[in-house]
Amino acid sequence: MTDDRTGVLVVCAVAGFGGPVRSITEVLHRLGDRVRVIGASQGEVVATNRPDAGDTTSPIGRWSEELIEIPLPRGIGLVRAQLALLRSHRRLRGIDAVHANGLTEAVIVAPLALLRRRPVTVWVHNYAVPRPFALLRRAAGPLLRRWRWTAVSATARSLLPDDWDVDIVPNPIDAPPSVAPADGPAPCQVVYLAGTDHPVKGFDLLADIVEATPPTAARFVVHAARSQISHHPASLATWARLDGALADRVEVRGFVADVSSVLRDADLVLVPSRRESFNRVLAEALAHGVPVVASDIDAHVEHFVDEPVGRLFATDDPGAAATAIRELAADPAERARCAEAGRRRAQLFDPDLVAATLHERWTTP
């Protein structure tokens with residue numbers, strides 16, 4: 001009896017609940033018994049912002065028939081991860097394709113790809129080029145160019161040479177049934193979602209944005225994992241203000257993996273990030289029909305190219321963010337227009353479409 005499933009080695013550098021891991025596990029879920037997965041990652045989750053504090057199983061491990069454990073690829077750990085795959089190469093004889101879930105993962109699979117000579121697909125989620133990949137590209141550019149390259153956004157694609165063939169395959173975002181946009185009375189409910197309070201997510205701007213927004217215009221709900229506190233001085237100062245002088249303006253809740261219940265009650269979603277490759281939070285807001293107030297980084301601007309899905313504000317300008325919130329809060333009709341535009345944009349993120357696109361790359365000779 002033959003096994004008609006596609007055998008895929010899926011390599012993820014970090015076993016956590018971040019956007020890249022959530023995206024590839026959603027793809028594997030959608031493909032179901034069409035694929036046979038051997039995973040390569042840590043055996044237990046590394047990040048502590050997991051939805052169930054008692055659940056330590058690697059998300060990649062749950063979808064894998066076998067799991068090759070690799071260390072975190074930091075420093076010498078990168079070489080040890082490469083060696084772990086090479087030592088396991090006999091277990092990989094039945095694989096048809098290799099999936100590297102980012103640029104660090106591309107470096108990890110490079111020696112194995114030379115040995116096993118299987119098609120390699122790289123799904124770029126990065127917003128910057130890791131130094132090891134920059135070195136690999138210089139040393140083995142012609143080899144890498146023959147791999148199958150995909151990127152979650154034009155921002156992520158810009159990290160690769162212009163003459164490489166790269167397709168845009170966005171993160172999969174499941175859209176809930178459409179509901180009528182909220183016209184509720186002011187103040188609007190503005191939601192901020194983040195798995196970490198690091199300044200890269202613009203968390204340190206939050207207190208200034210709240211302070212600059214009239215209390216009659218909006219109330220704020222913050223979902224952030226305190227277990228992932230970065231201890232960055234600016235972030236700690238923001239926590240102190242949110243818990244202190246601004247406590248009556250801000251409701252702080254814990255991290256959530258399933259954002260549907262949060263977004264169902266939201267009027268606006270605030271995304272003040274300084275760096276992103278795609279921004280899953282923003283995309284989830286669009287899929288749920290919630291307008292966004294977003295910093296004008298390239299990864300956010302991409303979502304506004306066809307029609308407004310909210311408001312953009314100058315990055316690092318909390319006053320401009322507050323103005324955008326105030327304008328949308330006062331205009332329910334505009335919020336409704338942005339909500340519908342967001343749902344149309346979110347059709348690009350259909351999980352079945354994304355899964356089928358990646359599966360085609362894994363199975364094409």
Side-chain angles (χ1 to χ4, degrees), residues 181-226 232 234-256 259 261-274 276 279 281-282 284-286 288-297 300-301 303-304 308-339 341-342:
D183 291 338
C188 276
Q189 180 157 295
V190 179
V191 170
Y192 172 91
L193 288 155
T196 174
D197 68 355
H198 197 277
V200 73
K201 296 295 184 181
F203 179 85
D204 56 307
L205 301 172
L206 191 54
D208 286 339
I209 293 172
V210 173
E211 197 165 61
T213 304
T216 54
R219 62 182 298 272
F220 292 79
V221 177
V222 175
H223 285 270
R226 290 190 187 247
H232 190 284
S235 298
L236 293 176
T238 298
W239 278 121
R241 292 172 67 189
L242 296 181
D243 293 334
L246 297 173
D248 61 337
R249 299 278 320 278
V250 180
E251 181 181 354
V252 178
R253 303 176 185 170
F255 171 80
V256 289
V259 299
S261 61
V262 174
L263 295 178
R264 192 162 47 240
D265 298 328
D267 297 301
L268 297 172
V269 168
L270 174 65
V271 276
S273 302
R274 292 181 172 92
E276 297 283 356
N279 199 324
V281 168
L282 185 150
E284 287 173 329
L286 303 189
H288 284 75
V290 183
V292 296
V293 174
S295 54
D296 62 354
I297 60 175
H300 294 167
V301 172
H303 297 289
F304 284 74
V309 294
R311 290 285 186 273
L312 293 168
F313 65 89
T315 304
D316 279 326
D317 188 340
T323 297
I325 291 170
R326 186 174 65 250
E327 290 175 351
L328 281 174
D331 194 342
E334 177 62 11
R335 293 205 308 274
R337 286 191 289 270
C338 291

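Please read all numbers here as calculations on a predicted model, not as lab measurements. In what follows, every heavy atom counts, from backbone to side chain, and hydrogens, waters and symmetry copies are set aside.
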Heavy-atom pair with the smallest gap, counting every atom of D296 and V301:
O-CG2, 3.6 Å

Using only heavy-atom distances, determine whether the side chains of D204 and S235 contain a donor-acceptor pair under 3.5 Å.
no

When rounded to the nearest 0.5 Å, the distance separating CG of N279 from CD of E284 is 9.0 Å

Fit a plane to each ring of W239 and F203, take the angle between them on a 0 to 90° scale, and name the class: parallel (under 30°), tilted (30 to 60°) or perpendicular (over 60°).
tilted

Once rounded to the nearest 0.5 Å, what's the spacing between atom CZ of R274 and atom OG1 of T315?
8.5 Å

Sub-4.5 Å side-chain heavy-atom contact between V210 and Y192
no

Just so I know, are the side chains of E251 and Q189 near enough to count as touching, which here means a heavy-atom distance under 4.5 Å?
no

Is it true that a side-chain atom of S295 and a backbone atom of S273 form a donor plus acceptor pair closer than 3.5 Å?
yes

State, to 0.1 Å, how close V252 and D243 come at their nearest heavy-atom pair, and which atoms those are.
CG2-OD1, 4.4 Å

Nearest heavy-atom contact between H300 and L312 is CB-CD2, 4.3 Å

Would you mind reporting whether V293 and L328 have side-chain heavy atoms less than 4.5 Å apart?
yes

Residue pairs fulfilling side-chain hydrogen bond (donor to acceptor under 3.5 Å, both in side chains) with at least one residue in residues 318-332, sequence neighbours excluded
none

Is the closest side-chain heavy-atom distance between L282 and V269 below 4.5 Å?
no

Smallest separation among heavy atoms of P272 and L205, with atom names:
O-CD1, 4.1 Å

Between T213 and A322 the two heavy atoms that sit nearest each other are OG1-CB, 3.4 Å

Checking the side chain of H232 only, and the main-chain atoms of A234 only, is there a donor and an acceptor separated by less than 3.5 Å?
yes

Less than 4.5 Å apart, side chain to side chain, heavy atoms only: is that true for F220 and L246?
no

As a test of understanding, state which of L206, V281, V292, V221 forms a side chain to side chain contact (heavy atoms under 4.5 Å, CB included) with L270.
L206

Min side-chain heavy-atom separation D197-T238 under 4.5 Å
no

Which heavy atom in R311 sits nearest to a heavy atom in A324, and how many Å separate them?
CB-CB, 3.7 Å

